[in-house]
Asker: 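Below is a structure I'd like to ask you about.
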Amino acid sequence: MKIASWNVNSLNVRLPHLEAWLAQAMPDVVALQETKLEDARFPDAELAAAGYRSVFAGQKTYNGVAILARMPLAIDDVQIGIPGFEDEQKRVIAATVGGVRIVDLYVVNGQSVGSDKYEYKLRWLEALHDWLASELRAHPDMVVLGDFNIAPDERDVHDPKVWHDGHILTSTAERAALQRLYALGLHDAFRLHHDEAGMFSWWDYRQGGFRRGNGLRIDLTLVSDALRARCVAAGIDREPRTWERPSDHTPAWVELAD
DNA sequence: ATGGTAGCGCTGCTA
């Protein structure tokens, strides 16, 4: 089962890219972030025509997440948001597909270290941690994936002098929160298969970030202890970032053996 | 690194 994650930065704009990528990559499950669409405007009919069922939780202008599953796979037990954590922002959707619990995240960006949005990011990550601890007990076969807005270590940033311990996306507290998720028995699938630096999933639109190779790896897929041995491959597909009018993120994926 | 580009929606916010 091939499971992918893609922050599309507006599904309205990026639907043609998504359809093209589904046709060439043939993923079984796709977690989308930043759909930026109210549910009434979600293109579920177009995606069904492409062979995918959809579940989604969106809002106007900001945020928005969705899980797609290639037919005939069913999508069951859909959960929206973190239980008990009041939040108007649509950042979490979970569902069971093919016996695997899929948790799709659009983690808070945080704007700048010390800002109100940064404090919200840390509170949000704390609530996520506590929820995932119980969710893992209920669903040992779990994949947690999405735009984490955290680069795990120095291999995952183009310039460690810019992306340091006091900078958003790489700060000590953010990385510590990610380590706490790992401590639940979740493993960065990409690092199970690749050691090299410079394998990025996001490049800033500004200052020619992609052209200059100035990126970060912030789109992560975590596999649970129970799934670790089944995770036979992981990768990042750079090609959609080269297409005309691209998202600033490109798809990341893992392959689970049957 | 307080600029830069993109998306939404129509003014400035978010990333």
Side-chain angles (χ1 to χ4, degrees), chain A residues 5-21 31-43 46 56-66 81 87-92 104-125 128 145-152 154 156-175 177-178 200-220 236 238-252:
Chain A
S5 174
W6 194 3
N7 179 325
V8 291
N9 186 22
S10 169
L11 185 53
N12 189 42
V13 172
R14 231 66 68 189
L15 180 60
H17 282 199
L18 177 61
E19 290 170 329
W21 187 75
L32 301 177
Q33 305 87 35
E34 285 205 88
T35 55
K36 299 185 175 180
L37 283 174
E38 292 178 295
D39 289 348
R41 296 184 58 216
F42 193 91
E46 289 86 344
F56 39 86
Q59 64 187 93
K60 193 185 290 186
T61 310
Y62 301 118
N63 307 311
V65 285
D87 194 353
E88 294 178 359
Q89 302 191 18
K90 302 300 189 195
R91 298 181 172 278
V92 177
D104 175 17
L105 306 178
Y106 175 46
V107 176
V108 179
N109 174 283
Q111 195 168 63
S112 60
V113 172
S115 67
D116 289 347
K117 292 186 177 67
Y118 182 77
E119 296 306 317
Y120 165 52
K121 181 175 195 172
L122 297 181
R123 281 191 290 110
W124 192 95
L125 286 164
L128 174 73
L145 75 171
D147 178 356
F148 278 67
N149 271 317
I150 303 171
E154 286 208 348
D156 304 311
V157 307
H158 64 86
D159 185 354
K161 288 190 288 297
V162 172
W163 300 96
H164 53 75
D165 58 0
H167 199 290
I168 198 70
L169 311 186
T170 53
S171 73
T172 303
E174 291 167 83
R175 283 175 163 167
L178 183 60
F200 303 137
S201 65
W202 170 83
W203 298 261
D204 202 311
Y205 284 125
R206 295 167 287 192
Q207 298 176 308
F210 185 66
R211 178 174 48 78
R212 295 153 67 128
N214 293 346
L216 300 178
R217 190 174 69 92
I218 55 177
D219 298 275
L220 309 179
I236 297 172
R238 289 170 57 97
E239 192 198 320
R241 191 62 175 81
T242 69
W243 295 345
E244 191 173 346
R245 204 180 182 191
S247 171
D248 45 351
H249 296 252
T250 208

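Below, chain A is the first sequence line, B the second, and so on; all start at residue 1.
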Asker: Between B/dT14 and B/dA1, how far apart are the two P atoms, rounded to whole Å?
Answerer: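 Per the computed distance, 24 Å lies between those P atoms.
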
Asker: Measure the distance from OH on A/Y62 to C1' on B/dT14 and round it to the nearest whole Å.
Answerer: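 Going from OH in A/Y62 over to C1' in B/dT14 covers 5 Å.
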
Asker: Below the 4.0 Å mark, does B/dA15 have OP1 or OP2 next to a side-chain nitrogen or oxygen of A/R206?
Answerer: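 For B/dA15, neither OP1 nor OP2 has a side-chain N or O of A/R206 closer than 4.0 Å.
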
Asker: Nearest 0.5 Å, please: how far is CG in A/D147 from CD in A/E34?
Answerer: 6.5 Å

Asker: Look at all strands and tell whether A/F210 reaches a base, only sugar-phosphate, or nothing, counting heavy atoms closer than 4.0 Å.
Answerer: nothing

Asker: Once you apply a heavy-atom cut-off of 4.0 Å, does A/R211 come out as touching a base, just sugar-phosphate, or nothing?
Answerer: nothing

Asker: If I pick the C1' atom on B/dA6 and the same atom on B/dC10, what distance separates them, to the nearest angstrom?
Answerer: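 My reading of the C1' atoms in B/dC10 and B/dA6 gives 16 Å.
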
Asker: With respect to the side chain of A/N12, which nucleotide from B/dA15, B/dA6, B/dC8 is positioned closest?
Answerer: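 Output: B/dC8.
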
Asker: Have a look at A/H249 and tell me which of A/D219, A/V8, A/L216, A/N9 forms a side chain to side chain contact (heavy atoms under 4.5 Å, CB included) with it.
Answerer: A/D219

Asker: Name the nucleic acid region contacted by A/V162, choosing base, sugar-phosphate or nothing; use a 4.0 angstrom heavy-atom cut-off, strictly under.
Answerer: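 The residue A/V162 makes base contact.
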
Asker: Atom CG of A/N63 and atom P of B/dT14: how far apart are they, to the nearest Å?
Answerer: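 Answer to the nearest Å: 11 Å.
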
Asker: Which residue lies toward the 5' end of DNA chain B, A/R41 or A/Q89, if each is placed at its nearest nucleotide?
Answerer: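 Its nearest nucleotide being more 5', the pick is A/R41.
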
Asker: With the side chain of A/T61 defined as its heavy atoms from C-beta on, choose the nearest nucleotide among B/dG7, B/dT14, B/dC8.
Answerer: B/dC8

Asker: Round to the nearest Å and state the distance from A/R212 atom CZ to B/dG3 atom P.
Answerer: 17 Å

Asker: Can you work out whether A/H164 or A/D248 has the more 5'-proximal nearest nucleotide on DNA chain B?
Answerer: A/H164

Asker: Output the rounded distance in Å from OH (A/Y205) to C1' (B/dT14).
Answerer: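 Rounded to the whole Å, the gap is 13 Å.
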
Asker: Rounding to an integer number of Å, can you tell me how far A/I168 CD1 sits from B/dA1 P?
Answerer: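 For the pair A/I168 CD1 and B/dA1 P, the rounded distance is 16 Å.
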
Asker: State yes or no: are the ring centers of A/W21 and A/W6 separated by less than 6.0 Å?
Answerer: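 Centroid separation for A/W21 and A/W6: below 6.0 Å.
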
Asker: For A/L178, run the side chain to side chain contact (heavy atoms under 4.5 Å, CB included) check against A/V107, A/L125, A/L220 and tell me which one passes.
Answerer: A/L220

Asker: A quick test of your reading: do over 12 heavy atoms of other residues, nucleotides or ligands sit less than 6.0 Å from NZ of A/K90?
Answerer: no

Asker: To the side chain of A/K117, which of B/dG4, B/dG7, B/dA15 is closest?
Answerer: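 Closest nucleotide to the A/K117 side chain: B/dA15.
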
Asker: Which one, B/dA15, B/dG7, B/dG4, comes nearest to the side chain of A/Q207?
Answerer: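 Taking heavy atoms from C-beta onward, the closest nucleotide is B/dG4.
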
Asker: What is the distance, rounded to the nearest whole Å, between atom CG of A/D147 and atom P of B/dT14?
Answerer: 17 Å

Asker: Rounded to whole Å, please give me the gap between CG in A/N109 and P in B/dC13.
Answerer: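 Value for this atom pair: 16 Å.
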
Asker: From NZ of A/K60 over to P of B/dG12, roughly how many Å is that when rounded to an integer?
Answerer: 18 Å

